[in-house]
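Reminder, nothing fancy here: chain letters follow the sequence lines and each chain counts from 1. Computed from heavy atoms alone, side chains included, the values below leave out hydrogens, waters and symmetry copies.
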Amino acid sequence: MDVSDIFQNLNEPQRQAVTSESQNLLILAGAGSGKTRVIAHRVAWLIKGVGVSPHSLLTVTFTNKAASEMRGRIEAIVEEDMGNFWCGTFHGISHRLLRSHWEEAGLRREFAILDSEDQFRVIKRVAKSLGLDDAKWPPRQIQWFINKQKDECRRSKDVEIGDDYFAEKMNQVYIAYEELCERESLVDFGELLLRTYMLLKHNEQILQHYQRRFKHILVDEFQDTNEVQYQFLRLLTNGGSHIMSVGDDDQSIYGWRGAKSENINRFTKDYSETEVIKLEQNYRSTEIILSAANEVIKNNQGRMGKNLWTEQKEGEQISVYSAYNEDDEARYVVGSIQTWMGLGRNLDEVAILYRSNAQSRVLEEAILREGLPYKIYGGLRFYERAEIKNAMGYLRLVFGREDDAAFERVINVPPRGIGAKTIDVIRARALRNESSLWKAAEDLLDTEGLTPRAAQSVQGFMSDFDKLEEETEDLLFKDMVDHVIQSSGLIEYHKKEAGEKGRTRVENLGELVTAAADFESPETEEETSELKLFIDHAALDAGDTQAAEHEAAIQLMTLHSAKGLEFPLVFITGFEEGLFPHKLSIEEPGQLQEERRLCYVGMTRAMEKLFIIHAEMRNLYGSETFNPPSRFLREIPVELTLEVRTGGNIPRQQTRSKATSSGEVPDTEFKLGQMVAHDVFGEGVILNYEGQGANARVEVSFNKSKTKWLMVSYAKLRSI
DNA sequence: TAAAGTGAGGTTTTT
DNA sequence: CCTCACTTTA
């Protein structure tokens, strides 16, 4: 291969980014500007053009899928063995480091990874043991709290509680949870990152080793990094490595789970003499779609500033359809798809996007009525399905009896007559002995601490495992998986289940055997059993939602999951206030801006044609709601849109004209977005209103206080 | 121990 | 209104 091939089809800024010799590089890459391409080509350039060994490179992505795609693209360009090239997610990389340095990290050699569900169960149990009522202290919330602390790099002792009673209680659970995980060597997702960070921070030798090794670090989706990840990168680059971060502040849509797009700004400050390159040429969308998206995102404050442009043709206007209700919305979407197909286009070019998963059902039914194939993203992924988790539980327990999460999961699946009562007894014994559940069960059998009937069941359960282990000792990994699943009784159990459900479950179990047979274990420095690697793989990579079917199908997904994808034809549905922006995000300006970015992400998925649909009436939680069209619709210049109203006279809601015209609060001096001052609450901005004239109320987000609804006639607001 | 009933809760999601 | 998780009941 000729090195100059690497530059083919790159534009000037892209080429600059690929070949830059700067120590620190920040690439601000707009939607559709070829950022993945830049990373792949830079890696290729470093290897082929500069002569850097693949061994000295580290590439970080956000999903496993992105990582494998990246690797594939790079291999396609370099056409040579990439040797020991590290390319993975932050979690994957952390995991690898912890496996290599388990001892220094304070873990057992065979530490187990808790996925979210495992973590949830553990937390629930811990909270209960602390005597917390789970109605008053929802375990979900505690889990959220703990994960947030870990994202922010805080152990329980670092949490600042102040006089917050809730935080205090939740932190108590965090403390107990931490102790339990420590005792049993359990590592949740957040812990993978936090512990790796601590490992590097407190082990100068190990840190130096990796600092020397990774001469170039490349980070994708930088706007989605959280605090630990940022700190981790800081440590690693401290020894003079080159770093390139690629991101787009306008596409930061994961702030709610700890991502800090400020890390982009921070980067230019923390890394001296950062070279900043902007990729602003968009290769994806028509000019109209792009301008509309630009106009929307312009309304956000504090952007880094980027202006996407394109050489593509103007294209069609954005069709805006006011549906009568959600059924009409779905009908219209399906009808438009049929028109598209009538033009000789394909179904897999089409995506239907929505803000929340609940919206998919009506759309799905409409598609089904027309007998069109479709594929829904989201929902349970392969390794998250109950039957798969059960089977994995068997494998985990065969591998190591100390795995409590697995023990609890499978002790009575299929039913063996071991009920909640018996499990409680075992759990209590485990707590007292500070031992695993398995050991506690052994202890109870020895000391006859169980009723005879329970004892017999438990004994049966345990000897099953000893037998399984014996039988599979000499088997190859894939045969072993097969054998364990066959002998577990899970297949018979699911076969008995009624209808379709049981059948797909049995099929899934077969699929798991196939997955194990196809499993390629990654090379590691430590010799680890293939089974363990497979178990970790299942925890870290939940697998695609659906096995890729090759039939062309309409793609249905949330706006979030559409990030990174592109489609010739895109529908954004449910473009209504309260739904999008979601009502829970309207109050707080920061969250509203994230909704706007989400809108930007959604719009920029479209290559050729974009439809925006809002329903004037929607059934939500059993009652009819009348939502005005989304404020984001107002932000798109009228000349870029085409209002469609097929299907006759649809009565237009009055709210629409009012809400969309100018944002003025009728018969008052105020309008949406305006800054106002209040005698008591200080300064703030008007977010919303209802009513008019003397009855008008406005919702104001105050800088120093919470968001409040105020009567205009009483509040004595002053415009500023 | 499994099936029917009750009640809260209902953004977004990866690892 | 619909879904799920959990509780009650045979």
Side-chain angles (χ1 to χ4, degrees), chain A residues 60-67 88-95 113-120 124 134-135 138-141 144 147 150-151 187-194 196 221 224-226 228-229 252-259 326 353-362 377-381 383-384 386 412-423 453-454 457 493 496-498 536-545 557-564 574 578-586 591 594-595 597-599 601-602 618-625:
Chain A
V60 192
T61 59
F62 265 78
T63 62
N64 291 302
K65 194 170 152 217
T89 62
F90 276 105
H91 290 87
I93 287 157
S94 298
H95 176 228
I113 299 174
L114 294 179
D115 66 19
S116 319
E117 201 194 325
D118 295 335
Q119 186 195 31
F120 178 77
K124 196 171 163 184
D134 57 1
R140 283 263 166 250
Q141 219 162 306
W144 175 265
N147 288 337
K150 293 197 179 193
D151 283 348
V187 179
D188 60 42
F189 290 138
E191 187 68 24
L192 280 171
L193 302 174
L194 183 50
T196 305
E221 305 279 16
D224 288 335
T225 48
N226 63 27
V228 211
Q229 290 163 342
S252 156
I253 54 174
Y254 287 109
W256 52 276
R257 70 175 202 220
E326 70 267 34
L353 310 181
Y354 35 80
R355 174 68 239 265
S356 60
N357 283 311
Q359 288 167 252
S360 69
R361 218 193 65 236
V362 180
Y377 285 75
L380 276 190
R381 329 261 296 291
Y383 288 106
E384 286 169 350
N412 201 33
V413 182
R416 284 188 189 80
I418 304 175
K421 198 96 178 267
T422 310
I423 297 174
R453 216 176 71 184
S457 305
Y493 171 61
K496 273 190 287 185
E497 271 179 325
D536 290 340
H537 164 80
L540 284 171
D541 185 355
D544 247 329
T545 307
M557 65 189 88
T558 62
L559 287 150
H560 280 90
S561 29
K563 194 168 103 167
L579 212 61
F580 186 34
H582 196 274
K583 60 174 179 295
L584 297 176
S585 301
I586 286 177
Q591 287 185 38
E594 184 152 311
E595 296 278 312
R597 291 193 291 269
L598 191 55
C599 181
V601 167
R618 189 178 288 273
N619 265 320
L620 223 51
Y621 308 141
S623 56
E624 292 179 336
T625 51

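- Backbone-only engagement by A/Y254 is indicated by non-hydrogen atom pairs under 4.0 Å involving sugar-phosphate atoms exclusively.
- Rounded to whole Å, the C1' atom of B/dT11 lies 24 Å from the corresponding atom of C/dC6.
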Contact list (N/O, under 3.5 angstrom) for nucleotides 3-10 of chain C vs protein:
{"from": "C/dC6", "atom 1": "OP1", "to": "A/K124", "atom 2": "NZ", "distance (Å)": "2.4"}

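- Contact annotation for A/D188: no contact, since no heavy-atom pair falls under 4.0 Å across all strands.
- Using C1' as the reference atom, B/dT13 and C/dC2 are 22 Å apart when rounded to the nearest Å.
- Under the 3.5 Å distance criterion, with hydrogens and angles disregarded, a donor-acceptor pair is assigned to the side chains of A/Q359 and A/S356.
- Here A/L353 lies out of heavy-atom contact (under 4.0 Å) with every strand.
- Mapping A/L192 and A/R416 onto DNA chain B by nearest heavy atom places A/R416 closer to the 5' end of the strand.
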Item to check | side-chain contact (heavy atoms from CB on, under 4.5 Å) between A/Y254 and A/N226, worked out | outcome: CA-CA 10 Å; A/Y254 287 109; A/N226 63 27; over 6 Å; no
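- Classified by interplanar angle (parallel below 30°, tilted 30° to 60°, perpendicular above 60°), the ring pair A/W256/A/H560 is perpendicular.
- Annotated as anti: B/dT12, whose O4'-C1'-N torsion sits more than 90° from 0.
- Contacts of A/E117 classified as salt bridge (charged side-chain N to carboxylate O under 4.0 Å, His left out), with partners at least two apart in sequence or in another chain: A/R121, A/K389, A/R409.
- With sequence neighbours excluded, no residue forms a side chain to side chain donor-acceptor pair (under 3.5 Å) with A/T625.
- Separating the P atom of C/dA5 from that of B/dT12 is a span of 15 Å, rounded to the nearest Å.
- The residue A/N64 sits close only to the backbone: its heavy atoms come under 4.0 Å of sugar-phosphate atoms, none of a base.
- Note on A/S561: only backbone sugar-phosphate atoms sit closer than 4.0 angstrom, heavy atoms only; bases stay farther off.
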Item to check | Pair A/Y354-A/T558, side-chain contact (heavy atoms from CB on, under 4.5 Å): steps then yes or no | outcome: CA-CA 5 Å; A/Y354 35 80; A/T558 62; 3.9 Å; yes
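- Among the atoms of the strands shown, none is found under 4.0 Å from any heavy atom of A/E624.
- The footprint of chain A on DNA chain B, defined by a heavy-atom cutoff below 4.0 Å, extends from B/dT1 to B/dT15.
- Remark: A/T225 engages A/N263 in a side chain to side chain donor-acceptor pair (under 3.5 Å) (not counting sequence neighbours).
- For A/T63, the side chain to side chain donor-acceptor pair (under 3.5 Å) criterion is met by no residue, not counting sequence neighbours.
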Checklist entry - Passes side-chain contact (heavy atoms from CB on, under 4.5 Å), A/F189 versus A/L540? Steps please. => result CA-CA 8 Å; A/F189 290 138; A/L540 284 171; 4.0 Å; yes
